[in-house]
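First comes the structure, then the notes that go with it.
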Number of protein chains: 2
Amino acid sequence: MDNATRSERSRNAVIQAALAIIARDGPARLTLDAIARESGISKGGLMHQFRSKEAVLKAVLEQQIEHFEAISRDYEAKFAGNHPAPHLAAQIATSREAAVGSHVAALAAYGALADQPDLLSASRKLDVDKVQAIKAEADDPDLALLRWTAARGLAITAVLGLCPFSDAERARLFDRLLDNHAWTRPATAAKPVAAGKAPKSR
Amino acid sequence: MDNATRSERSRNAVIQAALAIIARDGPARLTLDAIARESGISKGGLMHQFRSKEAVLKAVLEQQIEHFEAISRDYEAKFAGNHPAPHLAAQIATSREAAVGSHVAALAAYGALADQPDLLSASRKLDVDKVQAIKAEADDPDLALLRWTAARGLAITAVLGLCPFSDAERARLFDRLLDNHAWTRPATAAKPVAAGKAPKSR
DNA sequence: TCAAAAAAACCGACCAGGCGGTTTGCATTT
DNA sequence: AAATGCAAACCGCCTGGTCGGTTTTTTTGA
């Protein structure tokens with residue numbers, strides 16, 4: 001087998017093994033030996049592909065981020081044009097996916113955050129862009145941001161097992177968040193409540 | 001010194017030490033030896049007061065939960081009577097406090113969640129009650145829940161360092177969440193979007 | 001074209017340090 | 001004198017990471 005694809009295969013097996021362990025046993029049991037065992041690769045091989053455990057974590061996180069970025073892109077494409085606020089809708093829909101899927105993503109983040117908080121800076125950076133897009137397209141930017149935040153909160157709490165809502169209730173709330181004409185800007189509120197920043201021109 | 005108060009003092013010192021370590025070094029560095037060192041109590045003494053590390057974690061979490069419960073009660077008292085939705089307002093205000101304070105609370109939760117997810121069930125149980133109260137007092141229950149969720153999300157992401165907003169922006173969003181007359185129910189939406197559950201009588 | 005050599009992928013035993021927890025012994029309360 | 005609170009040395013396990021050696025692929029150069 002080709003050398004490059006060999007490495008690729010191994011690295012991939014490692015990432016999948018790590019995700020499986022996190023999903024099955026929790027982030028606390030994600031050890032290098034466990035990863036080696038689960039992936040069928042020896043520890044030496046594992047350490048050849050990833051210099052350290054942190055490197056493995058990083059790869060896992062990047063994979064998960066890319067996974068949800070892809071979903072996000074799909075929704076963006078789907079909503080573009082025929083939706084009054086496509087970016088917002090796409091992000092809410094993506095959060096909904098994160099909330100229902102196997103909760104691996106944030107549990108991985110969890111494990112990472114405990115040791116290396118900066119591994120998540122990448123994710124936050126992506127969020128900044130999305131926030132920009134949501135603000136730009138919004139009639140009432142703060143309202144849009146809050147809808148996004150609510151969706152985010154719903155997803156994170158669900159993944160972390162902190163969500164006090166039933167599945168049905170959560171689904172209903174996501175629907176409401178997505179239902180654009182349930183969120184018309186109240187006539188009285190342009191409302192930049194005292195907060196230094198000058199209200200953006202638009 | 002009295003025996004009971006001596007124990008009390010020690011237990012308290014341990015909890016404070018644990019919080020200090022989490023805030024300063026992160027949850028990963030919260031070891032029994034570190035707690036003993038930081039609190040000035042020997043490891044033997046520590047293990048005499050707490051049977052295991054899990055017991056320490058539990059005590060720390062309970063302390064933090066009580067801390068925010070107290071804040072919550074204060075706001076409840078403040079808003080009761082003179083506010084159209086006192087419970088909701090109180091919870092949003094409490095979340096705001098959590099977002100600005102030192103981020104110890106959720107980092108503690110973090111450390112706990114990695115090993116013992118059930119330690120947080122207490123917190124979730126309290127949330128269920130709050131959700132009930134918010135629903136009961138609301139004109140548009142789902143809207144109220146979403147405002148609560150948004151506040152929650154804002155707080156959690158801030159604490160975890162995942163919030164893409166600036167401090168000023170976050171403050172503005174909290175203000176908006178609290179501003180009750182910016183959240184009138186849209187005329188068109190009673191809106192129980194298809195979701196099995198019959199709309200509660202309330 | 002094809003060995004030979006270099007490099008890359010891989011293996012699995014090994015190790016040092018850190019960790020949660022125990023034990024033994026002593027001082028102070030009850 | 002019994003019990004409680006505390007001290008400090010100690011223990012075994014687990015974990016991340018290393019190391020010498022083997023196999024497989026790639027490069028070299030005659």
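This one's a predicted model, so the numbers in the text were calculated from it and none came from an experiment.
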Practice prompt. To the nearest Å, give me how far apart CD (A/Gln49) and C1' (C/dA8) are.
Written response: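 The answer, rounded to whole Å, is 10 Å.
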
Response to the item:
From CZ of A/Phe50 across to C1' of C/dA8 the rounded distance in Å is 16 Å

Is any side-chain nitrogen or oxygen of [X] closer than 4.0 Å to OP1 or OP2 of [N]?
X: B/Ser7; N: D/dT4; result: no
X: A/Ser10; N: C/dC10; result: yes
X: A/His48; N: C/dC10; result: no
X: B/Ser42; N: D/dA8; result: no

Worksheet item: Should the pair A/Arg29-A/Glu38 be classified as a salt bridge under the 4.0 Å nitrogen-to-oxygen rule?
Response: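 Salt bridge flag = no for A/Glu38 with A/Arg29.
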
Discussion item. Regarding A/Asp167 and A/Arg170, does a basic nitrogen lie under 4.0 Å from an acidic carboxylate oxygen?
Written reply: yes

Worksheet item: Between B/Leu143 and A/Trp183, is any pair of side-chain heavy atoms under 4.5 Å apart?
Response: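 They are in side-chain contact.
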
Worksheet item: Is there side-chain contact between B/Leu19 and B/Gln64, with at least one heavy-atom pair below 4.5 Å?
Response: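 Yes, at least one pair of side-chain atoms sits under 4.5 Å.
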
Item to complete: Check the angle between the aromatic planes of A/Phe79 and A/His83 and answer parallel, tilted or perpendicular using the 30° and 60° thresholds.
Response: tilted

Filtered N/O pairs between nucleotides 24-27 of chain D and protein, under 3.5 Å:
| residue | atom | partner | partner atom | Å |
| --- | --- | --- | --- | --- |
| D/dT25 | OP1 | A/Met1 | N | 2.5 |
| D/dT26 | OP1 | A/Asp2 | OD1 | 2.8 |
| D/dT26 | OP1 | A/Asn3 | N | 3.0 |

Discussion item. Is it the case that the side chains of A/Ser39 and A/Gln16 hold a donor-acceptor pair, with the cut-off being a distance below 3.5 Å and no angle test?
Written reply: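 Result is no, nothing qualifies.
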
Worksheet entry | A/Arg124 (side chain) donor-acceptor with B/Gly161 (main chain) under 3.5 angstrom | yes

Practice prompt. Just call it for A/Leu46: base, sugar-phosphate, or nothing, with non-hydrogen atoms closer than 4.0 Å on any strand.
Written response: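 Touches nothing.
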
Worksheet entry | Of A/Val131, A/Ile134, A/Asp127, the residue whose pairing with A/Gln91 passes side-chain contact (heavy atoms from CB on, under 4.5 Å) | A/Ile134

Polar-atom pairs under 3.5 Å, protein N or O versus N or O of nucleotides 12-17 of chain D: list them with distances, or write none.
| residue | atom | partner | partner atom | Å |
| --- | --- | --- | --- | --- |
| D/dG16 | OP1 | A/Lys53 | NZ | 2.7 |
| D/dG16 | OP2 | A/Leu32 | N | 2.9 |
| D/dG16 | N7 | A/Lys43 | NZ | 3.2 |
| D/dG17 | OP2 | A/Lys53 | N | 2.8 |
| D/dG17 | N7 | A/Lys43 | NZ | 2.7 |
| D/dG17 | O6 | A/Lys43 | NZ | 2.6 |

